[in-house]
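Remember, it's a predicted structure, so these values are computed and weren't measured experimentally. Order of the sequence lines fixes the chain letters, A, B, ..., with proteins taken first and strands second; residue numbering starts at 1 for each chain. Note: hydrogens, waters and symmetry copies are ignored here, and every other heavy atom, side chains too, is used.
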Amino acid sequence: MDLSSLNKMQHLAVTTTEGSVLIIAGAGSGKTGVLTKRIAYLISEKGVYPNNILAFTFTNKAAREMKQRVENMVGDYANGMWLGTFHSICVRILRREADKLGYKSDFVIYDTSDRKVLIKECMKELNINDKQIPVNMVQNLISSAKNDLISPNEFKDNVYGEYPVDVIAKIYELYQTKIVKNNAMDFDDLIWNVLKLFGEYTQVLEYYQNKFKYVHVDEYQDTNKAQYKLIRYFALSHKNLCVVGDEDQSIYSWRGADITNIYSLEKDFPDIKLIKLEQNYRSTQNILNAANAVIEKNTERKEKQLWTDNGIGEKIKYYGASNEYKEAEFVVGEILKKSFKSGFKYSDFAILYRTNAQSRVFEDILLKNNIPYTIVGGLKFYERKEIKDFISYMRLIQNSVDDVSFMRVVNSPKRSIGAKSLEKMSEFGRINDLSMFQSAAILLESGAFSKKASDGLNGFLNFIMTYSNKKAELSAMDIYNAIYSESGYVDSLIVENTIEAKSRIENIKEFKNVIEEFEKSEEDKTLENFLAMISLKSDVDSLTEDDSAVVMMTIHSAKGLEFPVVFLVGLEENIFPSSMSLSEDSEAKEERRLCYVGITRAEKLLYLTNAYQRNRFGRTEVNSPSRFLADIPFDYMESITGESPVLVKQKISFSGEFSKYKTDDIFSKKDSKSSIKRFTNSLESSTKPQNDNLDINTGDKIEHTKFGIGTIVAYDVKKDMITIAFETNGIKKLKKSLSPITKL
DNA sequence: AGAGCGAGCGTTTTT
DNA sequence: CGCTCGCTCT
């Protein structure tokens, strides 16, 4: 095998096959190539059987590409290796072993919205008001508990903020009972259940330990505790483990990713060899300088300097727009110019932003200019109502005890089955420990429903039952066709005959193409496999390389990708870094890493933009240029307008009693109870801001020209801005002030 | 049972 | 602003 294209460190990483290896790979250092060549090397030079090789990737797309590249090097023979995301590998194992865990092998996978529905149901059953305890919070707590391997029982002993732990533990417990009863697993369960399997069945564990003699993990910095334990199980007996990661690119801590996994590794695998890849092959020196300048501000990181011999390259282009439309017009203008003059294809351009909502304006302007584009993520195709409904029909046919799906489609299209009837079914099911489907069938026999409801329900149950019985002989496409023509769903849309209904039908037809694609590319054409595939599909998975279209996505989604020209947009305080992140971590460490990831996606040209004003939540917001802009020395940049990023620097300096001061230049986020609460909580847990010139205390009176006199309940001072939560006549308001507060 | 309307809330990021 | 939820009326 020809390894001459590799540098010294890369060569070492490829050929150190025995024992454990930690590869610290900077952005653009060719780690994917190294990982691929390493696997190919194992097969062709070391004679390792492909089915003894396991590799975890971050996305299915990465897995697919890696597999392809290995096959190109060593032939189709490589097909036997197991290469996929943690989730898809776990599903593969769980299908075989489901019965050992009290599941049937045709279990379905719940996504975040299904999980939410089920949690709501649990809370309703436990008589817990979702006004007091928000469902989203419960959801996050349960998910992080699962990622930290904390069971419902253990949950009570853990402190999770100031929330009523015992109540949440109860919800968690009921949720877990229900999800098992529904023969369903959520994303976290997929990992958890494999751990359980390995913990309880030594022979199963030994089988897999024995099978996978070489284990690889890509994007290691973004693994969580549960995933680490899984890696450990797989690799601890033979210790042939190769992990690749970069602490500077750790951007998923909010999903449970745990950077200390790197240190656990050194404990569990004491002989681990460290290999650093610091030469960058992707970007110009200017781009790397900017990236280094941004990431350097993070303390507590291991020193690492990316370098390249790609040459200095063009300076980074900076543009400060007056608002988000001007920002988008500038970006699109540059795309037009560059694609005409410099020979870039549309697909060479990527627009990267912090939040999905930012894509709208760009979409607008691109559309106006007839430039083709693709958006990754955002309003996902599979999350559209009609598609979710179709999927629910499919799931119910696959697994009739799935109550969440049952509830979703039993009266859609309208079958005159209302709240009363549903209540009867779920009550009956609860008492007799039956699924909604079973309950419905029994109650129907005994004539528990009105004539209209009975007729509707009868047709529905028969339809599901007919195809449920035949599912083994039918493909995913057969089932789709059945739902299309026999469930009455599409018929009712045709009757509706509105523009909206028509577009729904269009989407349903589009969904057929998805199934067609699936049947073309997959060997296993069953409904079961189709459902698993779409649940575990990530947004970037559907991104194709040769599409001649500008690509738009969040920076999170762009991880692992690269583009000749990158526009990093919306570089404003409160947007990027996000205001949400600032309340948890005032230094915005993870946001900084995210910025680093964004910058290092660029190969040749990098544009940085901000808007001084933008509309959000239907209101005009004014935000200073992002601190990240200020961190990049201007030597590496050039400004399109000639102006450098203007920090809105208006120092708040006053002393004395606060009640003597007033301000009228206060603009606000909309007053939301939860945002005030979150804000107040975060301030209570952090240290009070220090500012010599400032003498603010909670309890102080403040006068505002619009809102009158109020009492400060919380405040925070950033370098150019003061945020105050204050109460007027019992109403709490959250306000921000840019201009100095003046004497009364 | 289901349509229709107003209130209130939210947005980080996703397998 | 736009979506979801819950209430009310038919």
Side-chain angles (χ1 to χ4, degrees), chain A residues 56-63 84-91 109-113 115-116 120 130-131 134-136 140 143 146-147 185-191 219 222-224 226-227 250-257 352-360 376-380 383 385 411-422 449-450 452-453 456 532 534-541 553-559 570 574-585 588 590-591 593-594 597-598 615-621 669-678:
Chain A
F56 293 107
T57 58
F58 198 69
T59 62
N60 296 300
K61 180 172 183 265
T85 62
F86 277 95
H87 297 273
S88 56
I89 300 257
C90 285
V91 170
I109 301 161
Y110 278 179
D111 67 17
T112 324
S113 72
R115 181 170 72 182
K116 197 169 168 180
K120 268 189 192 166
D130 61 3
K131 290 264 153 54
V135 182
N136 278 334
N140 290 336
S143 180
K146 285 188 183 179
N147 288 332
M185 299 188 195
D186 63 23
F187 289 132
D188 306 317
D189 288 336
L190 295 175
I191 317 278
E219 305 285 4
D222 283 321
T223 54
N224 63 32
Q227 288 164 337
S250 155
I251 53 175
Y252 282 96
S253 74
W254 50 275
R255 207 171 78 183
L352 307 182
Y353 35 75
R354 179 65 239 268
T355 65
N356 283 307
Q358 285 165 260
S359 66
R360 279 216 183 148
V376 175
L379 289 164
K380 277 166 228 148
E383 281 167 15
K385 188 182 177 301
N411 197 35
S412 166
K414 301 271 182 288
R415 299 189 176 92
S416 301
I417 300 159
K420 275 269 163 56
S421 306
L422 290 174
F449 308 113
S450 71
K452 262 171 103 182
I534 56 175
S535 321
L536 298 177
K537 203 172 164 115
S538 73
D539 293 323
V540 284
D541 288 343
M553 68 182 103
T554 63
I555 307 167
H556 280 92
S557 297
K559 190 172 84 153
N574 295 324
I575 304 267
F576 190 22
S578 142
S579 52
M580 298 301 226
S581 73
L582 292 175
S583 59
E584 288 143 32
D585 167 18
E590 182 146 321
E591 298 284 306
R593 291 194 290 268
L594 190 58
V597 170
N615 278 323
R616 261 207 320 168
F617 308 113
R619 243 166 233 278
T620 305
E621 261 183 25
K669 280 184 161 181
K670 206 171 169 187
D671 308 325
S672 132
K673 266 176 235 154
S674 60
S675 61
I676 291 188
K677 189 158 177 276
R678 198 161 31 206

Where the side chain of A:Arg360 is concerned, which of C:dG2, B:dT13, B:dA1 is the nearest nucleotide? C:dG2

Should A:His556 and A:Val597 be marked as a side chain to side chain contact (heavy atoms under 4.5 Å, CB included) after you check the CA-CA gap, both sets of side-chain angles, and the distance that decides it? CA-CA 8 Å; A:His556 280 92; A:Val597 170; over 6 Å; no

So, is A:Ser421 close to the B:dA1 phosphate, meaning a side-chain N or O under 4.0 Å from OP1 or OP2? yes

NA contact type, A:Lys120, heavy-atom cut-off 4.0 Å: base, sugar-phosphate, or nothing? sugar-phosphate

Note, A:His87 side chain near A:Ile191 side chain (heavy atom, < 4.5 Å): yes

From CH2 of A:Trp254 over to C1' of B:dT12, roughly how many Å is that when rounded to an integer? 8 Å

CD of A:Gln227 versus P of B:dT15: gap in Å, rounded? 13 Å

What are the two closest non-hydrogen atoms of A:Gly456 and A:Ile417, and how far apart are they? C-CD1, 4.3 Å

A:Asn356 CG to B:dT13 P, straight-line distance once rounded to whole Å: 5 Å

Atom NZ of A:Lys559 and atom C1' of B:dT15 are separated, to the nearest Å, by 11 Å

Interatomic distance where CZ belongs to A:Arg115 and P belongs to B:dT14 [whole Å]: 14 Å

Classify A:Lys452 by what it touches in the nucleic acid, base, sugar-phosphate, or nothing, heavy-atom distance under 4.0 Å. nothing

note: A:Lys420, atom NZ; B:dG2, atom C1'; distance rounded to Å ~ 14 Å

Residue whose nearest DNA chain B nucleotide is more 5′ - A:Ala357 or A:Ser416: A:Ser416

Between A:Asn147 and B:dT15, does any side-chain N or O lie under 4.0 Å from OP1 or OP2? no

Starting at CZ of A:Phe86 and ending at C1' of B:dT14, how long is that distance when rounded to a whole Å? 16 Å

Please evaluate residues A:Leu352 and A:Met553 with respect to the criterion side chain to side chain contact (heavy atoms under 4.5 Å, CB included), reporting the C-alpha separation (whole Å), side-chain torsions for both, the decisive distance (0.1 Å), and the verdict. CA-CA 5 Å; A:Leu352 307 182; A:Met553 68 182 103; 3.7 Å; yes

Please tell me which of A:Thr85 and A:Arg415 maps to the more 5' nucleotide of DNA chain B, matching each residue to the nucleotide holding its nearest heavy atom. A:Arg415

With heavy atoms under 4.0 Å as the rule, sort A:Ala419 into base, sugar-phosphate or nothing. sugar-phosphate

Hey, mind stepping through A:Leu536 and A:Leu190 against side chain to side chain contact (heavy atoms under 4.5 Å, CB included) and telling me if it holds? CA-CA 11 Å; A:Leu536 298 177; A:Leu190 295 175; 3.9 Å; yes

Taking the side chain of A:Phe187 as its heavy atoms from C-beta onward, which of B:dT14, B:dT15, B:dT11 lies nearest to it? B:dT15

Distance check: side-chain N/O of A:Ser557 vs OP1/OP2 of B:dT14, anything under 4.0 Å? yes

At under 4.0 Å between heavy atoms, what does A:Asn411 touch on the DNA or RNA strands: base, sugar-phosphate, or nothing? sugar-phosphate

Would you say B:dT14 has OP1 or OP2 under 4.0 Å from some side-chain N or O of A:Thr554? yes

A:Lys414, nearest nucleotide to its side chain (from B:dA3, B:dT15, B:dT14): B:dA3

Check the pair A:Ile555, A:Phe576 against side chain to side chain contact (heavy atoms under 4.5 Å, CB included), reporting the backbone distance first and the verdict last. CA-CA 11 Å; A:Ile555 307 167; A:Phe576 190 22; 3.4 Å; yes

Length of the line joining A:Leu594:CG and B:dT12:C1', which is rounded to integer Å: 10 Å

